[in-house]
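Let me begin by presenting the structure, written as structure tokens, before commenting on it.
Bear in mind the structure is a predicted one, so any value in this text is a computation, not a measurement. Per chain, numbering begins at 1; letters A, B, ... match sequence-line order.
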Amino acid sequence: MTFICRFAPSPTGPLHIGGVRTALFNWLLAKKNKGKFYLRIEDTDKERSKDEFRKQIISSLNWLGIKHDGKEYIQSKNIKKHKEIADELIKKGFAYYCYCSEDEINEQKEKCKKQGIPYVYNRKWRDAKDLKIPENVKPVVRFKSKISGMSSIKDLVQGEMSLSNLTIEDFIILRQDNTPTYQLSATVDDHEMGITHVIRGDDHKINTFKQKQIYSALNWAVPEFAHIPLIHSETGKKLSKRDKASTIDDYIKTGILSDALRNYLLRLGWAHKDKEIFSLEESINLFDLKGVGKSPSKLDMSRILSINEYYIKHIEEKKLFELLKNYCEKFNKPVKSSKSSVILKSINFLKNKAKTLEDIYQNARYILNDEVKISAEDKNLINQSSKAILKDFLDSFEKIKKIDKNSLEEIINKLIKAHKTNFKGVGQPLRIVLTGSKFGPAVYDILRSLDKEEIIKRLKNI
RNA sequence: GGUCCCAUCGUCUAACGGUUAGGACAGAUGGUUUUCAAUCAUCUAAUCGGGGUUCGAUUCCCCGUGGGACCGCCA
């Protein structure tokens, strides 16, 4: 069996992390089964669709490593076909013109509200042979939805879902301005693209019942559906664009690695035994719909950071350096080319206490900046005796020929004895003077990553 | 409100109807290192409630409770 999957976002806003996960699951399923993964831009809402969002969606997907097969489908280009299908449905008696004005509909809704009963369009024009067609109303086209019995769908994630057909109204497939609605366009396009598996958010469950009726009216093969639970924000609500960390760009800016985010998203609502870390290859091989849970899951930033930390520590250092360089360039954090080689050489310890690329950058600032700024608070930590230690250090340091662990250890151990202190007594003031911070890489690492003159300069600065 | 769906540590989740209910993140404690946010070790912590079915229920069924989604001429 061939698997043809798709991701069909509308370019009405930046892609958020829930959408990314939907795309990922579709892509994984396609790759696993050596099928196809298509991208369809659903841009039929002309008012809200923006080309910049289309671009943002594609670049977000690419950043995660998700590439669609073939060229992207632009839904609006297929409108003519959608209309033809609407006509066909009318001819075959599966759809009809409805001349109810918007006022009339609103009236109905009001009435229902007052009576406390749920609104469903009253199907006034469904079989209206004797009704007089009003001249001043442009009609919409409605699909003749089933009015009796039950429908059920075997969902690959949700299992059996069923509902009474009466709860589905005669939904609109062609608007007053003769443009197709989502229910029609998506169904026609999925059919034309030969989609075999639709993985989408479970907010589409009801749509599936509607769309399935269109499939059967047209005698089209119905694809398999898998409705995955939505991702909730940390506060437990539906993820919205207002949530801070909701778009891919937010994560890129934080300094999250794409492999880490892919791994996190994969494990959110899906599991394979006790396994936590999945390489790209393992993701593809091990992913299955059976492992997807039915309940919504909350976003957990500390977990994202933790997985990110893992990837930072485990990927090849050269690659990490490239990622860091790109990150700094993108976010306007200057890295002089003269410092580049030092950073590359030092990345093995700069990454040590870092959860994000931003953290690595912060750890590297003492290399990148020529001026060391020491906060007043840290300056207070350097008292008179610390100054004496630093001075003695400088004297001995200037004399050594080669900066290596042995020579440095010798100096520092002598100082510890001479000043009757411990390593901290020497190490902390040294770190503050050299980096401007109490925290950071090991003192020996710092000393070996800076030029001798630079160290002397900084030591004299106190 | 109507319809549909869901329910295991704080979070993500594992567990052919039989496990001391497991792992990871977070949290706590302790060790180590050179400051620590690194590292190692240990610990705390869950089957929403009530009924069934069964020798036995986290697992199956019903009811309740809680949460979510949908209810657009948006997608």
For this session: Mind telling me whether A:Y215 and A:W220 have parallel, tilted or perpendicular rings, with 30° and 60° as the class edges?
Result: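 The arrangement is perpendicular - the two ring planes meet at more than 60°.
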Exercise. Rounding to the closest angstrom, what is the interatomic distance between B:C5 and B:G10 at atom C1'?
Worked result: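 The same atom, C1', in both gives a distance of 24 Å.
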For this session: Can you tell me the pairing partner of B:A7 across any strand shown, Watson-Crick or G-U wobble, with both distances under 3.5 angstrom?
Result: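 Paired with B:U65.
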Exercise. Should B:C16 form a Watson-Crick or G-U wobble pair with both distances under 3.5 Å, which nucleotide is its partner?
Worked result: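 When the pairing criteria are applied, nothing turns out to pair with B:C16, so the answer is none.
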For this session: Check A:L447 against A:I455 and note the closest heavy-atom contact, atom names and distance.
Result: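 Distance-wise, the nearest heavy atoms are O-CD1, 3.2 Å.
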For this session: Mind running salt bridge (Lys or Arg N to Asp or Glu O under 4.0 Å) on A:R6 and A:E42 for me, showing each step along the way?
Result: CA-CA 12 Å; A:R6 48 69 156 187; A:E42 306 214 323; 5.4 Å; no
Using a cut-off of 4.0 Å on non-hydrogen atoms, how would the nucleic acid contact of [X] be classed: base, sugar-phosphate, or nothing?
{"X": "A:Q183", "result": "base"}
{"X": "A:A442", "result": "base"}
{"X": "A:L268", "result": "sugar-phosphate"}
{"X": "A:N207", "result": "base"}
{"X": "A:G201", "result": "nothing"}
{"X": "A:Y444", "result": "base"}

So which protein nitrogen or oxygen atoms get under 3.5 Å of nucleotides 40-48 of chain B's nitrogens or oxygens?
none

Exercise. Do A:N348 and A:D445 come close enough that some side-chain heavy atom pair is under 4.5 Å?
Worked result: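 The answer is no; the side chains never approach within 4.5 Å.
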Problem set entry | Check: A:Y182 ring centroid to A:H204 ring centroid under 6.0 Å |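 Distance test on ring centres: under 6.0 Å, yes.
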Exercise. Is the A:Y96 to A:W125 ring centre distance short of 6.0 Å?
Worked result: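 Centroid distance A:Y96-A:W125: not below 6.0 Å, so no.
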For this session: Check the side chains of A:S10 and A:R48 for a donor-acceptor pair under 3.5 angstrom, ignoring hydrogens and angles.
Result: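 No, no side-chain donor-acceptor pair sits under 3.5 Å.
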Problem set entry | Stacking check A:H232 vs B:G67 (5.5 Å / 30 deg) |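 Here the ring of A:H232 and the base of B:G67 are not stacked, as the 5.5 Å and 30° limits are not both satisfied.
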Problem set entry | Distance test, side-chain N/O of A:K294 to OP1/OP2 of B:C6, below 4.0 Å |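 It does, given that an N or O in the side chain of A:K294 lies less than 4.0 Å from OP1 or OP2 of B:C6.
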